[in-house]
Q: 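One structure, as structure tokens, below. Some questions next.
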Amino acid sequence: LLVALVWAPFVSLFVFAAAFWGGDTYSHVLFHAIALTLLGWALIELRRTAPLRSTGRLRRVLTMVLFFSVPLAILGHGVELVAAVARLVEEGWANVDTDDLFEEGVHAWAANVTVPAMMISMLTALALVLLTTYPRRKGNDVEPEMQTLR
């Protein structure tokens with residue numbers, strides 16, 4: 001679930017930027033609203049399951065990285081959403097092209113925070129889930145909760 005929630009905003013970007021949506025103001029605002037919802041849910045899921053994953057140093061490090069990168073991605077998407085809504089209001093609620101938002105201003109600055117935070121979150125969530133799903137199974141390398149499965 002965590003991987004799906006963190007990766008879904010990235011995957012949905014292709015839907016919102018597709019030719020039939022056109023990169024306009026409405027789809028831009030909708031994209032950020034959906035991304036914020038999914039990332040907020042991911043943070044709730046992370047907080048709920050973090051104690052279950054806290055065994056092992058690497059798991060703790062990956063969980064700590066997620067506790068930093070997911071809120072940073074949420075902050076970035078939030079600022080981008082505010083900038084996109086401000087643009088929508090400036091244009092009199094007209095649905096216009098938003099490519100220029102990435103060139104300069106608050107949205108461009110926030111995107112420079114959002115993109116790396118999202119990439120770190122996506123890769124870290126995937127690594128954490130893979131580590132949790134496929135633990136080492138030789139001798140004493142097996143973590144205590146996995147020993148009962150042998």
Side-chain angles (χ1 to χ4, degrees), residues 1-18 20-88 98-150:
L1 180 61
L2 182 63
V3 171
L5 292 171
V6 171
W7 278 75
F10 173 73
V11 173
S12 72
L13 181 62
F14 296 104
V15 174
F16 287 103
F20 58 89
W21 285 93
D24 55 36
T25 312
Y26 294 157
S27 63
H28 197 124
V29 168
L30 185 59
F31 164 71
H32 287 300
I34 290 171
L36 279 169
T37 303
L38 293 171
L39 290 172
W41 185 3
L43 187 58
I44 291 168
E45 185 66 19
L46 181 63
R47 290 184 66 173
R48 187 180 70 77
T49 62
L52 303 175
R53 294 191 177 115
S54 62
T55 59
R57 185 182 324 193
L58 184 55
R59 288 181 189 180
R60 282 193 304 270
V61 168
L62 292 173
T63 300
M64 296 280 286
V65 169
L66 281 172
F67 272 122
F68 175 75
S69 63
V70 171
L72 195 57
I74 290 170
L75 175 66
H77 273 291
V79 172
E80 287 187 63
L81 176 62
V82 169
V85 169
R87 169 65 179 271
L88 187 60
T98 58
D99 290 340
D100 62 319
L101 285 175
F102 293 96
E103 294 171 8
E104 63 182 350
V106 174
H107 187 280
W109 172 84
N112 288 328
V113 171
T114 306
V115 172
M118 285 298 301
M119 290 294 127
I120 291 168
S121 297
M122 290 164 52
L123 294 174
T124 305
L126 183 60
L128 182 61
V129 168
L130 289 175
L131 183 66
T132 303
T133 305
Y134 301 106
R136 295 182 288 180
R137 297 186 185 267
K138 292 184 180 181
N140 292 335
D141 292 337
V142 178
E143 298 203 14
E145 67 269 10
M146 295 304 295
Q147 288 178 357
T148 59
L149 297 176
R150 292 180 108 192

Q: Is there side-chain contact between Leu39 and Met118, with heavy atoms separated by less than 4.5 Å?
A: yes

Q: Can you name the nearest heavy-atom pair linking Ala117 to Ala73, along with the distance?
A: CB-N, 3.6 Å

Q: For Phe10, enumerate each residue passing the ring pair (Phe, Tyr, Trp, His ring centres under 6.0 Å) test, keeping only those at least two apart in sequence or located in another chain.
A: Phe14

Q: Tell me the closest heavy-atom pair linking Pro9 and Phe31, and the distance in Å.
A: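 Looks like O-CE1, 3.2 Å.
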
Q: Side chain to side chain contact (heavy atoms under 4.5 Å, CB included) with Leu1: which residues, sequence neighbours excluded?
A: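 Scan of Leu1 (side chain to side chain contact (heavy atoms under 4.5 Å, CB included), adjacent residues dropped) gives Leu5, Trp41, Glu45.
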
Q: Roughly how far apart are Leu66 CG and Leu72 CG, rounded to 0.5 Å?
A: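 Rounded to the nearest 0.5 Å, the CG-CG separation comes out at 12.0 Å.
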
Q: Decide if atom CZ of Phe68 counts as having more than 12 heavy atoms of other residues, nucleotides or ligands within a radius under 6.0 Å.
A: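 No, because the 6.0 Å sphere around CZ of Phe68 holds 12 heavy atoms or fewer from other groups.
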
Q: Should we count CE of Met64 as having more than 12 external heavy atoms under 6.0 Å?
A: no

Q: Would you compute the distance between atom CD1 of Ile34 and atom NE2 of His77 and round it to the nearest 0.5 angstrom?
A: 11.5 Å

Q: Please list all pairs meeting side-chain hydrogen bond (donor to acceptor under 3.5 Å, both in side chains) that have one or both residues in residues 108-131, counting only residues at least two apart or in different chains.
A: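 Passing the test, one end in residues 108-131: Ser69-Ser121, Glu80-Thr114.
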
Q: How about Leu75 and Val113: do any of their side-chain heavy atoms sit closer than 4.5 Å?
A: no

Q: Can you run down the salt bridge (charged side-chain N to carboxylate O under 4.0 Å, His left out) pairs that involve residues 109-128, sequence neighbours left out, and say none if there aren't any?
A: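 Residue pairs passing salt bridge (charged side-chain N to carboxylate O under 4.0 Å, His left out), neighbours aside: none found.
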
Q: Tell me, please, which residues at least two apart from Val106 pass side chain to side chain contact (heavy atoms under 4.5 Å, CB included).
A: Val79

Q: Could you tell me which residues satisfy side chain to side chain contact (heavy atoms under 4.5 Å, CB included) with Ala127, sequence neighbours excluded, listed by chain and number?
A: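 Residues passing side chain to side chain contact (heavy atoms under 4.5 Å, CB included) with Ala127: Leu62.
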
Q: Nearest 0.5 Å, what's the CG-CG distance between Leu2 and Leu126?
A: 10.0 Å

Q: Distance from Leu128 atom CG to Thr63 atom OG1, nearest 0.5 Å?
A: 4.5 Å

Q: Out of curiosity, Ile74 CD1 to Thr37 OG1, how far, rounded to the nearest 0.5 Å?
A: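 One finds 10.0 Å between CD1 of Ile74 and OG1 of Thr37.
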
Q: First locate atom CD1 of Ile120, then atom CE of Met122, and finally report the distance between them rounded to the nearest 0.5 Å.
A: 11.5 Å

